[in-house]
Student: 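This is the structure, below, for whatever I ask next.
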4 protein chains.
Amino acid sequence: MTDQSDIFAPLRRHAGRPPRWKRAPEARPRQILEAAFRIFGTRGLHTATLEEVAREAGISKGTIYLYFPSKADLFSAMLRARVHDLMPALQPSGRVPHGVRAQRQLALLARRLHRFFRTPAFLNVYRAVIGEAAAFPEAAQSLYREGVLPANRRLAEFLRVGMDAGEFRQVDPLIAARAFVGMLQIFAISQGLLGGQRVYPMPESRILNTVTDLFFHGLLAPGQRASRTRGTP
Amino acid sequence: MTDQSDIFAPLRRHAGRPPRWKRAPEARPRQILEAAFRIFGTRGLHTATLEEVAREAGISKGTIYLYFPSKADLFSAMLRARVHDLMPALQPSGRVPHGVRAQRQLALLARRLHRFFRTPAFLNVYRAVIGEAAAFPEAAQSLYREGVLPANRRLAEFLRVGMDAGEFRQVDPLIAARAFVGMLQIFAISQGLLGGQRVYPMPESRILNTVTDLFFHGLLAPGQRASRTRGTP
Amino acid sequence: MTDQSDIFAPLRRHAGRPPRWKRAPEARPRQILEAAFRIFGTRGLHTATLEEVAREAGISKGTIYLYFPSKADLFSAMLRARVHDLMPALQPSGRVPHGVRAQRQLALLARRLHRFFRTPAFLNVYRAVIGEAAAFPEAAQSLYREGVLPANRRLAEFLRVGMDAGEFRQVDPLIAARAFVGMLQIFAISQGLLGGQRVYPMPESRILNTVTDLFFHGLLAPGQRASRTRGTP
Amino acid sequence: MTDQSDIFAPLRRHAGRPPRWKRAPEARPRQILEAAFRIFGTRGLHTATLEEVAREAGISKGTIYLYFPSKADLFSAMLRARVHDLMPALQPSGRVPHGVRAQRQLALLARRLHRFFRTPAFLNVYRAVIGEAAAFPEAAQSLYREGVLPANRRLAEFLRVGMDAGEFRQVDPLIAARAFVGMLQIFAISQGLLGGQRVYPMPESRILNTVTDLFFHGLLAPGQRASRTRGTP
DNA sequence: TATGAATGAGGTTTCATTCAT
DNA sequence: GATGAATGAAACCTCATTCAT
């Protein structure tokens with residue numbers, strides 16, 4: 001297990017329900033935010049009660065109000081915190097790849113992204129943000145500004161390198177990057193959130209192969225064409 | 001007002017004291033569903049009140065219960081009805097294109113889809129379904145089964161024709177179709193629901209051109225390649 | 001089956017759910033009252049709805065209002081009607097007994113009364129009247145005045161005959177009569193309404209024998225004593 | 001106000017702005033049950049509102065739900081509590097009498113019972129239980145099991161002593177006991193609940209004398225007979 | 001700092017009653 | 001006379017929020 005995959009460590013911290021800390025005022029906000037994420041993530045903003053959040057955090061209801069002025073504030077603080085925590089997962093391995101075959105790089109990236117999008121941590125945040133986007137436009141925007149955009153810029157940077165190297169055609173890298181993400185995300189969401197998995201299961205390998213193949217060839221510069229392998233049969 | 005207008009006299013019978021309500025049992029369900037869509041769509045299932053829905057429908061609260069057994073039932077009936085209403089928009093022009101330049105066809109389709117996804121009607125349904133997917137799994141699944149899948153099959157059919165004609169490479173058409181949709185949807189959602197439009201506006205033409213270009217080239221059979229021009233203009 | 005036992009005939013009239021009379025405005029009030037008795041009797045005034053009453057009567061809700069100004073009025077009309085219908089059952093066989101042995105007479109009377117009190121028709125009225133006595137004091141009083149008092153007077157008359165004949169001691173016949181009724185009623189109510197039957201079943205014969213024996217000996221004139229048989233062992 | 005009274009100064013700390021509510025978690029259940037009894041007892045289960053109960057208890061509506069899960073639960077808890085509270089009143093003087101004149105004993109007991117049955121506390125419970133026996137069969141049964149039966153056994157024990165002593169004839173003591181109670185209860189109920197008191201008042205002394213006399217003679221062993229005087233004085 | 005008892009506004013739901021047809 | 005769609009007041013119940021301890 002690499003460092004990378006540990007970005008969800010905070011989510012797992014309480015897996016075994018530790019003996020409730022009686023004195024840890026500095027840790028409270030985070031402790032509450034994490035409980036809030038687990039409860040809001042699974043039950044939704046309105047269905048969840050602060051009583052549940054408090055119980056999950058191992059504290060009492062009133063204590064929440066010592067750190068957050070209202071349920072709504074707790075909810076958007078939780079979203080901000082989660083977006084912040086989830087960010088690293090969207091960074092294409094930190095360093096821009098070089099030397100390795102570009103398609104292989106894309107394939108690796110696709111797998112990382114797809115797996116991340118299928119994660120309950122991501123799906124729950126997605127559901128929460130989309131579901132309450134109208135009620136919390138600032139939260140949605142901040143997720144866009146601090147989550148979507150930066151991650152997208154990283155990915156675009158990666159693509160631009162390929163374009164500058166002549167391997168890829170020149171297309172708007174920001175748009176291409178988001179399109180790539182969209183191709184993967186739609187599977188995660190329709191299969192994971194809409195219950196598609198049970199209605200019409202799709203093997204991950206086939207999804208990843210097809211998407212990577214399509215995107216890679218869509219991007220490929222004319223001269224590079226000969227070197228490619230065949231798509232998914 | 002001329003004599004002419006007196007042919008409407010029978011309709012004015014109660015002009016002085018209009019009837020408190022009108023009988024319209026056949027029209028009620030649709031009338032309520034549409035009000036429900038407007039209210040639930042903008043305010044969300046939990047924030048919206050049946051009082052609001054009733055007011056929007058121009059009826060009284062109790063009347064809703066003559067047609068729907070509960071708020072939750074009204075909500076999912078509304079989703080079903082909307083999915084049903086939205087379906088036609090997803091059908092690619094009815095007949096499968098042939099002979100015409102495939103890229104042009106894709107471009108037209110992309111524009112149709114993208115515009116549809118940016119529609120408040122779609123975005124509101126999307127938000128409602130995603131936001132309440134956990135609470136209404138059947139609704140989410142039925143949207144998947146009756147909305148996503150059939151639309152996807154149409155599009156896949158369209159792509160398969162191109163593959164069979166040798167214009168496109170052989171890839172899994174269902175996956176390719178959904179990936180295409182994903183590329184467009186992610187823009188509609190991030191720009192329309194997450195407030196991206198205000199944070200980082202993107203001209204529709206650029207989105208459509210890039211996406212169409214990427215997807216078309218990603219699909220293009222090797223032999224067809226020569227005839228293509230470069231990326232986004 | 002004697003005439004006597006047919007006093008509940010009205011209650012049985014609809015047992016087989018006859019084809020709803022479409023034209024019988026004169027019969028409506030009684031038809032509604034009977035449905036009301038069945039519904040109110042089993043479900044109680046507040047739990048029962050006019051919808052149920054209407055359905056039971058085979059008419060529509062609005063029609064009830066053509067005959068009764070309100071639910072409360074229907075309820076007390078129903079009570080009055082029932083009390084009126086139940087009265088005959090309380091008359092000690094119509095004619096004052098003579099010649100037969102007095103104890104045998106009492107025994108027959110006790111059985112008639114006890115069986116009547118165990119009847120759902122009686123228990124439901126009792127429950128309804130007692131339960132709503134505070135809300136419908138007039139109904140309760142009218143039941144007292146028109147049901148309890150007259151029936152009691154009949155019974156007292158029966159006892160007085162025995163006293164005048166020297167068979168019974170001279171005691172207040174009205175009080176004695178009601179006490180006799182009370183001895184029987186308490187079994188019917190505790191066993192039938194409070195669920196005593198399931199908790200602690202008591203054979204009717206033992207109840208009747210003991211009660212009759214006690215009351216008869218309680219009433220017996222000193223000189224008559226020798227002739228009596230032994231009580232229940 | 002003297003200096004003396006200043007020892008209470010600490011208690012007046014918030015005199016100017018009294019606390020909106022007082023903590024009294026231990027006292028609440030009983031406090032609520034008593035308010036519930038007063039309200040339900042006079043207005044009935046359905047007519048009474050929790051708002052009224054709360055006001056009567058001097059607390060707010062929501063507080064009730066901290067102690068009772070629903071209105072129905074409060075109602076049956078109230079019944080249970082009342083039955084429990086009422087029990088002592090039904091115990092015949094604690095020790096079984098002996099040697100004293102049995103009729104005098106019975107007379108005393110009759111008066112105790114009759115007075116108890118005429119008590120609003122009893123009449124209200126009776127009305128509540130009878131009125132809702134169908135909706136709360138468990139409550140009715142528990143009243144039977146925990147109220148009626150034990151009280152009856154005590155009384156039966158009392159009678160059995162007399163039988164064993166040869167003063168009373170051998171009859172089923174449980175049935176005789178309940179019959180005795182029934183003779184008294186019917187007056188309390190018809191006069192107290194059905195409004196008989198206003199329609200046809202009966203002096204308590206006459207009721208008690210007659211009933212006691214009847215029952216005593218009904219029970220008396222043949223040999224004991226000579227010592228008795230005639231009926232109601 | 002932390003608690004949890006208490007509050008009360010607000011929402012869903014029911015149903016007696018009305019009234020156009 | 002009969003219907004049944006429509007109404008809206010009222011009641012139960014929940015839960016975010018407050019605050020004495």
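We use all heavy atoms of the structure for the numbers below, so side chains are in, but hydrogens, waters and symmetry mates are not. Lettering follows sequence order; numbering is per chain, from 1. If you're wondering where the values come from, they're calculated on a predicted model, not measured in any experiment.
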Student: Between His46(C) and Thr47(B), which has a closest nucleotide on DNA chain E that is more 5'?
Tutor: Thr47(B)

Student: Can you see which heavy atom on Leu33(B) is nearest to which on Ala81(B), and at what distance?
Tutor: CD1-CB, 4.1 Å

Student: With both distances under 3.5 Å as the test, what is the Watson-Crick or G-U wobble partner of dC12(F)?
Tutor: dG11(E)

Student: Minimum heavy-atom separation for Ala139(A) to Leu79(A), with atom names?
Tutor: CB-CD1, 3.8 Å

Student: Of Gly62(D) and Leu45(D), whose closest DNA chain F nucleotide lies nearer the 5' terminus?
Tutor: Leu45(D)

Student: Considering every strand and a 4.0 Å limit on heavy-atom distances, what is the contact class for Ala48(A): base, sugar-phosphate, or nothing?
Tutor: sugar-phosphate

Student: Does the structure show a Watson-Crick or G-U wobble partner for dA20(F), both distances under 3.5 Å? Name it, or say none.
Tutor: dT3(E)

Student: Categorize Leu50(D) for me: base, sugar-phosphate, or nothing, with a 4.0 angstrom heavy-atom threshold over every strand shown.
Tutor: sugar-phosphate

Student: Closest nucleotide of DNA chain E for Ser60(D) versus for Thr49(B): which of these residues is on the 5' side?
Tutor: Ser60(D)

Student: Glu132(C) vs Arg127(C), test: side chain to side chain contact (heavy atoms under 4.5 Å, CB included). Steps then yes/no.
Tutor: CA-CA 8 Å; Glu132(C) 304 300 336; Arg127(C) 183 165 61 205; over 6 Å; no

Student: Thr63(D) side chain: which of dA16(E), dA6(E), dA6(F) is closest?
Tutor: dA6(E)

Student: How close do Lys71(A) and Tyr65(A) get, counting heavy atoms only, and between which atoms?
Tutor: N-OH, 4.5 Å

Student: Choosing from dT1(E), dA6(E), dT3(F), which nucleotide comes nearest the side chain of Leu66(A)?
Tutor: dT1(E)

Student: Taking atom types as they are modelled, is there a donor-acceptor pair under 3.5 Å from the base of dT13(E) to the side chain of Lys61(B)?
Tutor: yes

Student: If you check the Ile59(B) side chain, which of dA5(E), dT7(F), dC12(F) turns out closest?
Tutor: dT7(F)

